Amino acid sequence: FSSISSGVYPYLVNCTDGSGNTGTSANTSIVVDISGPLVTIATPQNRSNFTTGFQSFNATVFEELTNVQAVFFSIRNNSEYVNYTTTSNNSGTWGVLINVSSFVEEEHLAMVYANDTLGNLNSSQNISFTVDRRAPSVDITFPKDLSNLTSGNINFNASVLDNLLDVQSVYFSTSNSTTGYVNYTSTNLSGIWRSIINVSALTEEYHTAYVYANDSAGNLNNSINISFAVDRTRPSVTVISINRTNTTDTTPDIQFNVTDNVFQNSSCFLYVNGQLNVTNRTTYNATTTNVTFSSLASGEYTYLVNCTDGSGNTGTSINTTITIDTISPAVNITVPVNNSNFTNGFQNFNASVVDSLIPVGTVLFSFDNASSPGFNITATNQSGIFGVSYNVSELANGRHTLIIIANDTINNVNNTQNITFIVDRIAPTVNITKPLTNSNYSAGNQNFNATILDDFLEVQSVFFSISNTSGY
């Protein structure tokens, strides 16, 4: 034959001899086919995504001139091609079930090889598909785990990456005790998926935020989560006791309680007269906590406890007053003066007793009663002057010491102030030493001498009184 294209050709042979007689053969057909079958891959679609299990690979194969003899899929897996012979021909659709569970996770190439009975082969049709059994990787970038939030719109961001496929959808799901979990759709910002959540609408409590991210093969990652606190309420701070309202302790301690509706502990600070005294006392929620003042001088102080929770909400106790007094009352004995002398009768004993910080408690006048047993008398306060009126006739003759014992209401005692006084009801003893009794004189100056002694006091004055005819 001269060159002909593919097709079905009827032919005959016509022969003429030398006399012009012509003979003709019977009509016969010949099929010329130089093209492979026409192939269209029906399933899966190009760039399909699979995870596991059996998948249908189907191709429609059409041969116009001859018959299709064989069809197989050749799939590249981990750089090697594996052939899968089709097991069914359903009205021109050739198919095979392929278990992709054993395929490596990557992009694969599937080629169809179809040949007709003349051996014409079509291997030009192919698709790619991806096997991916791993969910996208998720990293919550904001807020950080255990963040403390109060109100307003907060950006919740997550980095979501998939090595093989596109990330299909991402959303945040946040717990809320009043409504249950609430879902927030995320927007992709160059690989950072963002949900804007109004935390003002969330209850004040600890919340959990999960990220749900799936790729185009349906692989889902919902294992990544953070917890965060929403708290808009200040802690309640109460001073529940103090060791003493008035105290001699320069480092007194107090007890307080802080209650917060979300956080288990708060940072607390003790302020004294507006100045920070004790720093950063981290205390457990709803627990009695003891705190000791830094050393203070004597004086009256106003203090408060200031506590801040994890969200920065600050609560403050009421102002409370405490007086520190290590100084005894000041005592000044005003009556009698030191070294006074008495004989008998009621005498006033007075002392000014003053305490600059707290009230005077008790003032005792302590009499030693010379050599006799001493005794105390409680003084009466007359506008800061404490006094005792005592009958000194009841005291023994002699030199006495009076000590003032004054204490304030927290028992700072002053017993350093004292005076002495003398009770003397005995006249001086007198002995005339010259002249002797019954002496006789005529004229001239004569010495008259006497020894005079007093056991307790100085002899104040002595004079001689001599009788004469005209009187003494």
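This structure is a prediction, so every number in the text was calculated from the model and none was measured. Quick note: numbers below take in every heavy atom, side chains included, and nothing from hydrogens, waters or symmetry partners.
- Proximity of a side-chain donor or acceptor of Asn468 to a complementary backbone N or O of Ser470 within less than 3.5 Å is not detected.
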**Study point:** Criterion side-chain contact (heavy atoms from CB on, under 4.5 Å) on Ile140 and Val211, from CA distance to verdict
**Key:** CA-CA 8 Å; Ile140 299 175; Val211 174; 3.6 Å; yes
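- Residue-environment remark: CD1 (Ile196) stays at or below the threshold of 12 foreign heavy atoms within 6.0 Å.
- Between the side chain of Ser298 and the backbone N or O of Thr326, at least one donor-acceptor pair lies under 3.5 Å.
- For the pair Pro252 and Thr247, the tightest heavy-atom approach, listed with the atom from each and the gap, is CB-CG2, 4.3 Å.
- Summarising the geometry, atom CZ belonging to Arg234 is positioned 8.0 Å from atom CG belonging to Asn313; distances are rounded to the nearest 0.5 Å.
- Ser137 places a side-chain N or O within 3.5 Å of a backbone atom of Leu161 that can act as its donor or acceptor partner.
- Legend: residues meeting side chain to side chain donor-acceptor pair (under 3.5 Å) with Asp139, ordered by chain and number and at least two apart, are absent.
- In terms of heavy-atom proximity, Ile377 sits nearest to Phe367 at CD1-CE1, 3.9 Å.
- Annotation for Thr283 and Phe256: closest pair CG2-CZ, 3.7 Å, computed over non-hydrogen atoms.
- Using cut-offs of 30° and 60° on the angle between ring planes, the pair Phe421 and His400 is parallel.
- Around atom CD of Gln446, more than 12 heavy atoms belonging to other residues, nucleotides or ligands sit under 6.0 Å away.
- For the pair Phe263 and Ser311, the minimum side-chain heavy-atom distance is below 4.5 Å.
- Taking the side chain as every heavy atom from C-beta outward, Tyr303 and Ile254 approach each other to under 4.5 Å.
- For Tyr212 and Phe172, the ring centers are positioned 6.0 Å apart or more.
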Practice item. Would you sort out whether Gln55 and Leu97 count as a side-chain contact (heavy atoms from CB on, under 4.5 Å), showing the intermediate values? Key: CA-CA 5 Å; Gln55 303 297 330; Leu97 288 175; over 6 Å; no
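- Counting heavy atoms from C-beta outward, Phe103 and Ile98 have side chains that approach closer than 4.5 Å.
- In this structure a side-chain-to-backbone donor-acceptor pair under 3.5 Å is missing from Ser356 to Val354.
- A donor-acceptor pair under 3.5 Å is formed between the side chain of Asn273 and the backbone N or O of Thr302.
- The side-chain heavy atoms of Ser393 and Phe346, taken from C-beta on, include no pair separated by under 4.5 Å.
- Relative orientation of the Phe464 and Phe448 rings is perpendicular, given thresholds of 30° and 60° on the angle between their planes.
- Every residue was checked against the side chain to side chain donor-acceptor pair (under 3.5 Å) condition with Asn285, not counting sequence neighbours, and none meets it.
- Closest heavy-atom contact between Thr43 and Ser56: OG1-O, 3.5 Å.
- Contact record, Arg232 with Val199: NH1-O, 3.2 Å, taken as the closest heavy-atom pair.
- Side-chain contact between Leu296 and Tyr301 is present, with at least one heavy-atom pair separated by less than 4.5 Å.
- Counting only distance, with no hydrogens or angles, the side chain of Asp454 and the backbone of Glu458 share no donor-acceptor pair below 3.5 Å.
- For Phe375 and Tyr390, the distance between ring centers is under 6.0 angstrom.
- Put simply, the side chain of Asn350 never gets that close to the backbone of Thr334: no donor and acceptor are under 3.5 Å apart.
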Exercise for review: I would like to know whether Ile432 and Asn449 meet side-chain contact (heavy atoms from CB on, under 4.5 Å); could you show each step before the answer?
Suggested key: CA-CA 6 Å; Ile432 299 173; Asn449 298 332; over 6 Å; no
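- Gln168 and Ser216 share no side-chain donor-acceptor pair at under 3.5 Å.
- No donor-acceptor pair closer than 3.5 Å links the side chain of Glu106 to the backbone N or O of Thr130.
- Asn277 places a side-chain N or O within donor-acceptor distance of the main-chain N or O of Ser294, the cut-off being under 3.5 Å.
- Each of Ile404, Thr380, Val360 was compared with Phe386 under the side chain to side chain contact (heavy atoms under 4.5 Å, CB included) criterion, and only Val360 meets it.
- Asn407 places no side-chain N or O within 3.5 Å of a backbone atom of Asn414 that could act as its donor or acceptor partner.
- Residues Asn411 and Val413 are in side-chain contact: their nearest non-hydrogen atoms beyond the backbone lie under 4.5 Å apart.
- Within a 6.0 Å radius of CG in Leu220, other residues, nucleotides and ligands contribute more than 12 heavy atoms.
- When side chains are defined from C-beta on, Tyr84 counts as touching Ile75, because their heavy atoms get closer than 4.5 Å.
- Heavy-atom neighbours of Ile318 CD1 from other residues, nucleotides or ligands within 6.0 Å: at or below the threshold of 12.
- Side-chain contact between Asp132 and Asn49 is absent, with no heavy atoms from C-beta onward closer than 4.5 Å.
- Every residue was checked against the side chain to side chain donor-acceptor pair (under 3.5 Å) condition with Asn306, not counting sequence neighbours, and none meets it.
- Checking each of Thr343, Asn397, Asn344, Asn369 against Val423 for a side chain to side chain contact (heavy atoms under 4.5 Å, CB included) leaves exactly one that passes, namely Asn397.
- Using a 30° and 60° split on the angle between ring planes, Phe57 and Phe129 fall in the perpendicular class, above 60°.
- For Tyr284, the OH atom is loosely surrounded, since the number of other residues' heavy atoms within 6.0 Å does not exceed 12.
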